[in-house]
Amino acid sequence: MTDFLATIQSRSDLIQQAFLEHIYLSFVALAIGIAIALPLGILIARYRKYAEPVIGVTAVFQTIPSLALFGFLVPLMGIGSNTALIALIIYALLPILRNTYTGLTSVDSSIIEAGRGMGMTRTQILKQIEFPLALPFIMAGIRTATVLTVGIATLATFVGAGGLGDVIYRGLQSYNNSLVLAGALPVALLAISFDFLLKWVEKKATPKGMKTQ
């Protein structure tokens, strides 16, 4: 424990910079992933014949080992944060896309018909009925993508994008377990913090009559 605290104190500048880089990579990748997957999930929920091939393509990308995907992108994009962001966005897509589609298609059709009978437009039905009912599914996908993104972002060090992977890798190279822990522990705390934050957002966004707690 003493060695660990001493390592944090002596490498505080490195850890702080890597932590900020990790937050940047994770947050930007997740934000772009949501901006892509959420509308796409709504679209394939409307045109369901396209759902299987679209989800299938994102699932194929998900099966590529993360380190290999980073390696494939380097010849195309070079090294740096852009390469890391593209890889992280790709991994964030599937959970959000699949859960958005599942949530929207799971809404009881009788509720939708009741909305139509009240004269609601398609957009109003989506905003006032389908999306609120599908929100728990969607947020579950976003939370899964968040934890996945924060974890995989440690590999950004191999493409020169920084992040807490730098701290972990330096610890492995020097056989310094305290330095490895100093990089790994913030990753875990960051993932947990993001997950709790998204859970809070979900509770705030869920209509009062639909809250389970």
Side-chain angles (χ1 to χ4, degrees), residues 1-37 58-97 139-201:
M1 186 65 179
T2 303
D3 291 341
F4 175 64
L5 294 176
T7 299
I8 292 178
Q9 186 175 7
S10 62
R11 302 293 186 95
S12 59
D13 291 342
L14 171 65
I15 295 170
Q16 183 178 2
Q17 180 182 350
F19 185 73
L20 294 175
E21 290 171 347
H22 208 94
I23 291 177
Y24 167 77
L25 290 171
S26 302
F27 181 79
V28 172
L30 185 64
I32 296 175
I34 293 172
I36 294 172
T58 56
V60 168
F61 281 113
Q62 193 83 13
T63 62
I64 301 174
S66 50
L67 192 57
L69 182 58
F70 277 93
F72 291 149
L73 290 173
V74 168
L76 300 174
M77 301 294 299
I79 62 173
S81 58
N82 288 339
T83 300
L85 285 173
I86 291 173
L88 293 174
I89 291 166
I90 289 172
Y91 281 112
L93 290 178
L94 181 61
I96 303 170
L97 177 64
M139 290 304 299
I142 293 175
R143 289 167 67 182
T144 300
T146 299
V147 174
L148 188 66
T149 301
V150 171
I152 295 177
T154 56
L155 297 178
T157 184
F158 294 109
V159 293
L164 288 164
D166 277 357
V167 181
I168 296 172
Y169 187 60
R170 291 189 188 192
L172 291 172
Q173 282 186 313
S174 59
Y175 300 99
N176 186 338
N177 290 333
S178 295
L179 191 56
V180 173
L181 184 60
L185 188 59
V187 173
L189 292 176
L190 190 60
I192 293 171
S193 299
F194 273 13
D195 188 62
F196 273 107
L197 177 62
L198 289 170
K199 187 175 182 180
W200 178 82
V201 171

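Please read all numbers here as calculations on a predicted model, not as lab measurements.
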So which atom in [X] and which in [Y] form the shortest heavy-atom distance, rounded to 0.1 Å?
X: Ile8; Y: Ala182; result: CG1-CB, 4.3 Å
X: Leu85; Y: Ala29; result: CD2-N, 3.9 Å
X: Ile96; Y: Ile34; result: CD1-CG1, 3.7 Å
X: Leu198; Y: Met139; result: O-CE, 3.3 Å
X: Ile36; Y: Ile89; result: CD1-CG2, 4.2 Å
X: Ala84; Y: Ala161; result: CB-CB, 3.6 Å

Gap between atom [atom2] of [Y] and atom [atom1] of [X] - 0.5 Å precision:
X: Leu179; Y: Arg11; atom1: CG; atom2: CZ; value: 5.0 Å
X: Leu25; Y: Leu155; atom1: CG; atom2: CG; value: 11.5 Å
X: Leu73; Y: Thr83; atom1: CG; atom2: OG1; value: 6.0 Å
X: Gln62; Y: Leu97; atom1: CD; atom2: CG; value: 10.5 Å
X: Phe19; Y: Leu189; atom1: CZ; atom2: CG; value: 8.0 Å
X: Thr146; Y: Leu197; atom1: OG1; atom2: CG; value: 9.0 Å

ask   = Can you list every ring-ring contact (aromatic ring centres under 6.0 Å, His included) pair that touches residues 68-90, not counting sequence neighbours?
value = none
query = With Ile168, which residues qualify under side chain to side chain contact (heavy atoms under 4.5 Å, CB included), at least two apart?
reply =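 Result, side chain to side chain contact (heavy atoms under 4.5 Å, CB included) vs Ile168: Thr154, Leu172, Val180, Ala184.
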request  = Could you name each residue pair satisfying side-chain hydrogen bond (donor to acceptor under 3.5 Å, both in side chains) that touches residues 13-24, not counting sequence neighbours?
outcome  = Gln17-Glu21
task = Sequence neighbours left out, what pairs pass side-chain hydrogen bond (donor to acceptor under 3.5 Å, both in side chains) with at least one residue falling in residues 63-74?
result = none
key: Pair Leu69-Ile90, side-chain contact (heavy atoms from CB on, under 4.5 Å): steps then yes or no   = CA-CA 10 Å; Leu69 182 58; Ile90 289 172; 4.1 Å; yes
message = Thr149 vs Phe194, test: side-chain contact (heavy atoms from CB on, under 4.5 Å). Steps then yes/no.
response = CA-CA 11 Å; Thr149 301; Phe194 273 13; over 6 Å; no
task = Assess whether side-chain contact (heavy atoms from CB on, under 4.5 Å) is satisfied between Leu88 and Ser26, documenting all intermediate values.
result = CA-CA 8 Å; Leu88 293 174; Ser26 302; 5.6 Å; no
key: CD (Gln173) with more than 12 external heavy atoms under 6.0 Å   =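 Atom CD in Gln173 is packed in, count exceeds 12.
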request  = Report yes or no: does Ser10 contribute a side-chain atom to a donor-acceptor pair with the main-chain N or O of Thr7 at less than 3.5 Å?
outcome  = yes
inquiry  = Holding to ring pair (Phe, Tyr, Trp, His ring centres under 6.0 Å), I want the full list of residues that pass it with Tyr169, two or more places apart in sequence or in another chain.
reply    = Phe158
task = Quick one: do Arg170 and Leu14 satisfy side-chain contact (heavy atoms from CB on, under 4.5 Å)? Show the steps, please.
result = CA-CA 11 Å; Arg170 291 189 188 192; Leu14 171 65; 3.7 Å; yes
message = I need the full list of salt bridge (Lys or Arg N to Asp or Glu O under 4.0 Å) pairs touching residues 139-165, with sequence neighbours left out, sorted by first then second residue.
response =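 Checked against salt bridge (Lys or Arg N to Asp or Glu O under 4.0 Å) - neighbours excluded - the pairs reaching residues 139-165 are Arg143-Asp195, Arg143-Glu202.
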